[in-house]
Trainee: 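Dropping a structure here in structure tokens format, bear with me for questions.
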Amino acid sequence: MKPITTLYPVNELFETIQGEGVFTGTPAIFLRLQGCPVGCPWCDTQHTWEKSADKQVDAQTMLTKTSATAEWAELTALQLLALFTEQGFSARHVVITGGEPAMFDLQELGETLEKAGYQLQIETSGTFALQVTADTWVTVSPKLDMPGGYLVRPDCMQRANEIKHPVAMQKHIDALDNLLQRCPPRSDAIIALQPISQRPRATQLAIETCIKRNWRLSVQLHKYLNIE
């Protein structure tokens with residue numbers, strides 16, 4: 001058996017409920033990785049964009065942060081698994097998010113956690129090649145025409161179990177339609193629309209479109225509940 005050596009830059013590690021998409025309401029351990037070049041203007045985790053060496057801290061400092069900062073700790077899969085136990089986490093669903101987690105090879109992490117009985121989900125923009133286990137639930141939230149200039153990859157769209165698209169106006173739905181035509185997903189992929197910042201007009205547009213097309217609505221439950 002090969003040694004577990006891959007190091008992951010962890011910005012946050014906490015237990016909550018999943019507030020978006022198919023697993024809404026599911027108790028989950030959130031593993032937030034540091035680093036993202038996509039540059040979405042509305043991103044609510046901009047502190048994860050830059051992976052600066054001078055912001056590297058130890059695991060305890062990372063775990064006890066009281067605000068959103070760019071500090072990160074470097075940990076292996078086994079060290080993360082040990083932290084799950086030390087922190088008393090009871091959830092068995094692990095959400096790997098960021099930042100952009102697909103920047104990193106998550107195969108070793110996935111194999112280690114799945115062997116310990118955890119279910120994995122990755123939340124990705126679809127702009128980097130996926131390096132995940134076969135059983136990882138892939139949620140692609142396609143980021144189109146973002147300042148970073150990255151393109152959504154056809155292989156990511158094809159691998160996606162769930163496509164969760166942020167919308168504010170009709171042009172965002174039109175852009176999704178173009179993407180679905182250009183990069184067809186698997187036939188059983190779930191498509192969900194997520195109103196940006198719970199704006200009333202965006203929410204109404206998403207509701208109407210989901211009913212018309214038999215898509216799903218994702219309403220960012222955690223923001224309504226004011227939890228992480």
Side-chain angles (χ1 to χ4, degrees), residues 6-13 18-21 30-53 55-56 68-72 74 94-107 109-110 120-132 136-169 171-185 189-199 202 206 218 220 222-223 228:
T6 303
L7 291 165
Y8 300 98
V10 181
N11 178 277
E12 283 188 281
L13 182 66
Q18 171 62 286
E20 300 179 358
F30 270 72
L31 172 59
R32 188 180 305 284
L33 300 183
Q34 188 76 16
C36 181
V38 180
C40 305
W42 63 80
C43 177
D44 56 5
T45 57
Q46 292 190 19
H47 60 284
T48 67
W49 287 7
E50 298 294 330
K51 181 175 170 282
S52 301
K55 296 294 185 181
Q56 184 174 356
T69 73
E71 293 176 326
W72 56 278
E74 204 165 50
V94 178
V95 181
I96 308 171
T97 187
E100 175 45 76
M103 292 173 62
F104 308 101
D105 186 344
L106 302 174
Q107 189 76 31
L109 177 62
L120 267 69
Q121 175 185 6
I122 179 176
E123 296 180 336
T124 175
S125 63
T127 57
F128 286 81
L130 293 165
Q131 302 172 84
V132 298
T136 297
W137 180 275
V138 174
T139 299
V140 172
S141 184
K143 301 303 190 294
L144 303 168
D145 301 320
M146 292 297 111
Y150 288 82
L151 299 177
V152 175
R153 297 172 58 99
D155 54 330
C156 289
M157 291 291 288
Q158 183 60 38
R159 173 63 179 82
N161 301 96
E162 172 185 15
I163 297 165
K164 179 164 58 66
H165 190 60
V167 297
M169 55 192 74
K171 71 176 184 179
H172 297 135
I173 296 171
D174 296 340
L176 176 60
D177 284 337
N178 290 334
L179 177 65
L180 294 174
Q181 186 172 31
R182 192 170 71 249
C183 304
I190 294 166
I191 299 175
L193 298 183
Q194 184 164 289
I196 295 175
S197 301
Q198 295 82 51
R199 298 172 188 167
S218 178
Q220 293 189 296
H222 57 293
K223 293 188 177 180
E228 278 196 278

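Values below: every heavy atom of this structure, side chains too, minus hydrogens, waters and symmetry copies. None of these values were measured; they are calculated from a predicted model.
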Trainee: With no hydrogens and no angle check, do the side chains of Glu162 and Thr139 hold a donor and an acceptor under 3.5 Å apart?
Mentor: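 Yes, side-chain donor-acceptor contact under 3.5 Å.
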Trainee: Could you pull out the closest heavy-atom pair between Val38 and Thr127, with the gap in Å?
Mentor: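 Result for this residue pair: CG2-OG1, 3.7 Å.
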Trainee: For the pair Ile96 and Val132, evaluate side-chain contact (heavy atoms from CB on, under 4.5 Å) and give the outcome as yes or no after the intermediate values.
Mentor: CA-CA 11 Å; Ile96 308 171; Val132 298; over 6 Å; no
Trainee: Are Thr97 and Gln121 close enough, and set up right, to give a side-chain contact (heavy atoms from CB on, under 4.5 Å), and what steps lead you there?
Mentor: CA-CA 9 Å; Thr97 187; Gln121 175 185 6; over 6 Å; no
Trainee: Between Gln34 (side chain) and His47 (backbone), is there a donor-acceptor pair under 3.5 Å?
Mentor: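 Looks like yes, one N/O pair under 3.5 Å.
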Trainee: Can you tell me how far the CG atom of Leu151 sits from the CG atom of Asp145, to the nearest 0.5 Å?
Mentor: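 Reported to 0.5 Å precision, the distance equals 8.5 Å.
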Trainee: Looking only at atom types and distance, does a side-chain atom of Tyr150 sit under 3.5 Å from a main-chain N or O of Gly126, one as donor and one as acceptor?
Mentor: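 No: the side chain of Tyr150 does not pair with the backbone of Gly126.
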Trainee: Count the heavy atoms of every other residue, nucleotide or ligand shown that sit under 6.0 Å from CG of Asp174, and state whether that count exceeds 12.
Mentor: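 Above 12, so yes.
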Trainee: First locate atom OG of Ser125, then atom CZ of Arg153, and finally report the distance between them rounded to the nearest 0.5 Å.
Mentor: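 So the gap between those two atoms works out to 11.0 Å.
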Trainee: Kindly compute the distance separating CG (Asn178) from NZ (Lys171), expressed to the nearest 0.5 Å.
Mentor: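 Atom-to-atom, Asn178:CG and Lys171:NZ are 13.5 Å apart.
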Trainee: Any side-chain to backbone donor/acceptor pair from Thr136 onto Val138? Under 3.5 Å, distance only.
Mentor: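 Between the backbone of Val138 and the side chain of Thr136 there is no qualifying donor-acceptor contact (under 3.5 Å).
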Trainee: At their closest point, which heavy atom of Gly99 faces which heavy atom of Thr45, and how far apart are they?
Mentor: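 In terms of heavy atoms, the two residues are closest at N-OG1, 4.0 Å.
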Trainee: Taking C-beta and beyond as the side chain, do Pro101 and Tyr8 meet within less than 4.5 Å on heavy atoms?
Mentor: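 Side-chain contact under 4.5 Å: no.
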Trainee: Between the main-chain N or O of Val140 and the side-chain N or O of Thr124, is there a donor-acceptor pair closer than 3.5 Å?
Mentor: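 No: the side chain of Thr124 does not pair with the backbone of Val140.
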Trainee: Looking at Gly98 and Thr48, what are the two nearest heavy atoms and their distance?
Mentor: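 Heavy atoms of Gly98 and Thr48 come nearest at C-OG1, 3.7 Å.
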Trainee: Please check if the number of heavy atoms outside Glu50 that lie under 6.0 Å from its CD is greater than 12.
Mentor: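 Not buried by this count: 12 neighbours or fewer within 6.0 Å.
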Trainee: How long is the span from the CG atom in Leu144 to the CG atom in Leu176, to the nearest 0.5 Å?
Mentor: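 With rounding to 0.5 Å, CG (Leu144) is 7.5 Å from CG (Leu176).
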Trainee: Which heavy atom of Pro41 sits nearest a heavy atom of Pro147, and at what distance?
Mentor: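 Heavy atoms only, the tightest pair is CD-CD, 4.1 Å.
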Trainee: In the structure I gave you, are the side-chain heavy atoms of Glu123 and Gln18 within less than 4.5 Å of one another anywhere?
Mentor: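 Glu123 vs Gln18: side chains touch.
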Trainee: Can you give me the closest heavy-atom contact between Leu31 and Leu109, atom names plus distance?
Mentor: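 Smallest interatomic distance, heavy atoms only, reads CD2-CD2, 3.7 Å.
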Trainee: Does any N or O in the side chain of Asn161 come within less than 3.5 Å of the main-chain N or O of Ile190, such that one atom is a donor and the other an acceptor?
Mentor: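 The answer is no, because no donor-acceptor pair under 3.5 Å joins these two groups.
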Trainee: Does Trp72 reach the main-chain N or O of Ser52 with its side chain, forming a donor-acceptor pair under 3.5 Å?
Mentor: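 Present.
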Trainee: Using every non-hydrogen atom in the two residues, find where Pro142 and Pro166 come nearest and quote the distance to one decimal.
Mentor: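 The answer is O-CD, 4.4 Å.
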Trainee: Rounded to the nearest 0.5 Å, what separates atom CD1 in Ile122 from atom CG in Leu106?
Mentor: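 Output value for this atom pair is 5.0 Å.
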Trainee: Could you please spell out the steps behind the side-chain contact (heavy atoms from CB on, under 4.5 Å) verdict for Leu33 and Asn11?
Mentor: CA-CA 5 Å; Leu33 300 183; Asn11 178 277; over 6 Å; no
Trainee: Return the NE2 to CD1 distance between His165 and Ile191, rounded to the nearest 0.5 Å.
Mentor: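 It comes to 10.5 Å.
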